Amino acid sequence: MGEKTAITIILGPTASGKESAAFALAPRLGAEIVSVDSMKIYRTLDVGTAKATAEMRSAVRHHCLDLIEPTYDDFSVGEYVAAADSAIGDIVSRGKIPLLSGGTALYYKGLLEGIFEAPAKDSALREELRAYAGEHGNEALHRRLQELDPVSALKYHYNDIRRVVRALEVITLTGKPVSGSRNEWSGFHDDDGAFRGELRYDFTMLLLDWPRAELYKRIEARVDLMLERGLLTEAEYVYRRREEFSRTPLQAVGYKEFFPYFSGAQSLEEAVETLKKNTRHLAKSQCTWFRKFPCERIALDTSMSKDDILELIYGRMRDR
RNA sequence: GCUGAGAUAGCUCAGUUGGUAGAGCACUGCCUUGAAAAGGCAGGUGUCCCCAGUUCAAGUCUGGGUCUCAGCA
């Protein structure tokens with residue numbers, strides 16, 4: 001246990017204030033920040049992803065930002081974990097503390113629990129499997145999985161075509177079921193909710209926990225702030241280059257919502273409403289993930305000042 | 001003011017020949033291993049505008065009222 005690298009994680013849904021807390025606390029902790037975010041890895045997508053500014057990045061060193069161009073199509077959890085591992089190693093080797101912050105739950109999972117050995121995607125095979133589902137129906141594809149890997153078939157609904165395809169892909173390419181590998185994957189909790197498993201880091205995980213209604217208000221305010229900071233210009237740039245960009249940046253909340261506005265199909269107000277709604281959805285599903293993370297909740301509310309909040313987080317970190 | 005149409009879930013609406021209600025979205029919960037800000041699953045919700053009447057039974061039929069929209073003045 002003691003041999004594992006110690007890391008500190010500030011967790012929270014979008015607009016919870018985790019990134020700014022991490023930035024404010026980093027100097028006091030002697031820490032550098034590692035971003036855990038599936039969208040901030042793209043260069044040039046700055047405002048919409050709420051990426052740390054150049055000034056912030058010259059004050060505190062940030063890692064795992066701007067890893068790839070938005071045209072790059074093959075990024076995956078595996079690549080993220082490799083990048084984060086090396087950033088953490090680098091930080092520790094210089095005698096600093098790794099402070100992780102970001103909202104992509106799957107990346108935390110991969111980083112803390114590890115990624116099993118499995119082949120990368122095979123686009124041709126995926127297309128073939130999808131075509132099969134398109135022709136014979138999702139249930140027919142699921143039946144194929146039932147024959148080859150009954151455990152995975154049981155786990156995934158037949159309409160969850162993406163996972164059904166992936167499971168079929170893995171067993172087709174390796175002859176081994178993903179379910180076998182996944183059983184070896186430790187997980188954060190067992191059925192009783194007790195912590196278990198061999199984790200890759202010795203971590204402290206703090207969750208910034210706002211009441212839902214309050215979080216939604218913060219989201220509204222943050223979208224408005226992004227607009228002031230030039231979100232529309234950035235979204236227009238994404239819109240113009242949409243043919244060249246890979247799928248992932250085009251799915252980011254903050255850009256696609258303006259496409260109907262740029263094409264004249266919607267008013268700006270409508271687009272902004274959609275953006276706020278989608279951001280709420282994002283926050284909600286992040287909350288679902290975080291509920292089963294082994295984290296310490298820090299309950300926040302509007303009566304607290306920014307400094308109160310920072311002191312509270314700092315205090316919790318020292319208690320550990 | 002007249003004529004016509006409408007009033008049903010938070011929103012947009014569907015409701016066959018009368019048997020106290022539904023779909024999408026929103027909202028809530030859950031799942032999540034190389035696309036994850038993606039993808040999938042599940043759930044609750046109602047003075048059916050109001051008041052009378054007919055009927056065993058009215059969202060549905062009849063009468064009156066209120067409001068909204070459109071057209072005409």
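Order of the sequence lines fixes the chain letters, A, B, ..., with proteins taken first and strands second; residue numbering starts at 1 for each chain. Worth saying up front: this structure is predicted, and the values here are computed from it rather than measured.
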Go through B:rA36, B:rC30, B:rG34 for me and flag the one nearest to the A:Leu106 side chain.
B:rA36
In dot-bracket form, 5' to 3', how is RNA chain B paired? Count Watson-Crick and G-U wobble pairs only if both distances fall under 3.5 Å, and write | where the partner sits on another strand.
(((((((..((((.....[..)))).(((((.......))))).....(((((..]....)))))))))))).
Have a look at A:Thr279 and say if it touches a base, only the backbone sugar-phosphate, or nothing, with a 4.0 Å heavy-atom cut-off.
nothing
Do A:Arg247 and B:rA36 share a donor-acceptor pair, side chain to base, under 3.5 Å?
no
Name all residues meeting the ring pair (Phe, Tyr, Trp, His ring centres under 6.0 Å) criterion together with A:Tyr80; count only those two or more places apart in sequence or in a different chain, and write none if there are none.
A:Tyr107
By centroid distance (under 5.5 Å) and plane angle (under 30°), are A:Trp289 and B:rU32 in a stacked arrangement?
yes
Whole-Å distance between B:rG34 P and A:Asp73 CG?
15 Å
Could you give the CZ-to-C1' distance, from A:Arg291 to B:rU28, as a whole number of Å?
9 Å
Partner of A:Thr14 by side-chain hydrogen bond (donor to acceptor under 3.5 Å, both in side chains), out of A:Lys284, A:Arg222, A:Arg280, A:Arg218:
A:Arg222
Of the listed nucleotides B:rU32, B:rA35, B:rC41, the one nearest the side chain of A:Thr248
B:rA35
Say you pick atom P in B:rA70 and the same atom in B:rA23; how far apart are they, in whole Å?
32 Å
Looking only at atom types and distance, does a side-chain atom of A:Lys40 sit under 3.5 Å from a main-chain N or O of A:Cys64, one as donor and one as acceptor?
no
Any ion pair linking A:Lys121 and A:Glu169 (charged N to carboxylate O, less than 4.0 Å)?
no
Suppose you measure atom P in B:rC25 against the same atom in B:rC61; what distance do you get, rounded to whole Å?
30 Å
Minimum-distance nucleotide to A:Ala118 side chain [options: B:rA26, B:rG34, B:rA38]:
B:rG34
If you count heavy atoms of other groups shown closer than 6.0 angstrom to CZ of A:Arg229, is the number above 12?
no
Separation of B:rA38 P from A:Asn159 CG (nearest whole Å):
18 Å
Decide yes or no, distance alone: a donor-acceptor N/O pair under 3.5 angstrom between the base of B:rA38 and the side-chain of A:Arg162.
yes
Quick one: which residue pairs count as a ring pair (Phe, Tyr, Trp, His ring centres under 6.0 Å) with a foot in residues 253-281 of chain A, not counting sequence neighbours?
A:Tyr239-A:Phe259, A:Tyr239-A:Phe262
Can you measure A:Lys277 atom NZ to B:rC25 atom P for me and round it to whole angstrom units?
10 Å
Looking for any heavy atom pair under 4.0 Å, which part of the strands does A:Tyr216 touch: base, sugar-phosphate only, or nothing?
sugar-phosphate
Should the side chain of A:Arg163 and the base of B:rG40 be counted as holding a donor-acceptor pair, with the cut-off at 3.5 Å?
no
Hey, which of these two, A:Gly48 or A:Arg280, hits RNA chain B nearer its 5' end, going by closest nucleotide?
A:Arg280
On a whole-Å scale, what distance lies between the C1' atoms belonging to B:rA14 and B:rC50?
23 Å
If I take atom CG in residue A:Asp160 and atom P in nucleotide B:rC30, what distance separates them, rounded to the nearest angstrom?
17 Å
Does any N or O in the side chain of A:Lys51 come within less than 3.5 Å of the main-chain N or O of A:Tyr42, such that one atom is a donor and the other an acceptor?
yes
Which is true for A:Asp37 with a 4.0 Å heavy-atom rule: it touches a base, it touches only sugar-phosphate, or it touches nothing?
base
Can a donor-acceptor pair be found, under 3.5 Å and without considering hydrogens, that links the side chain of A:Glu234 to the backbone of A:Gly48?
yes
What's the CZ-P distance between A:Arg166 and B:rG40, to the nearest Å?
18 Å
Separation of the C1' atoms in B:rG34 and B:rG39, to the nearest angstrom:
15 Å
Here the distance between atom C1' of B:rC27 and atom NZ of A:Lys276, to the nearest Å, is 18 Å
Using a 90° cut-off around 0 for syn, call B:rG6 syn or anti.
anti
Does CD belonging to A:Glu127 count more than 12 external heavy atoms closer than 6.0 Å?
no
Interatomic distance, A:Lys109 NZ vs B:rU32 C1' [rounded to whole Å]:
7 Å
I'd like the P distance from B:rU20 over to B:rA57, given in whole Å.
14 Å
Which part of the nucleic acid, if any, lies within reach of A:Gly102 when heavy atoms closer than 4.0 Å are counted: base, sugar-phosphate only, or nothing?
nothing
When the P atoms of B:rG18 and B:rG10 are compared, how many Å lie between them, rounded to an integer?
28 Å
Please measure how far the C1' atom in B:rC13 lies from the corresponding atom in B:rA7, and state the result in whole Å.
12 Å
So if I take every side-chain heavy atom of A:Lys284 and compare against B:rG29, B:rG34, B:rC41, which nucleotide ends up nearest?
B:rG29
With rounding to the closest Å, how many angstrom separate the C1' atoms on B:rA5 and B:rC30?
44 Å
Answer with base, sugar-phosphate or nothing: what part of the nucleic acid does A:Tyr80 contact at a heavy-atom distance below 4.0 Å?
nothing
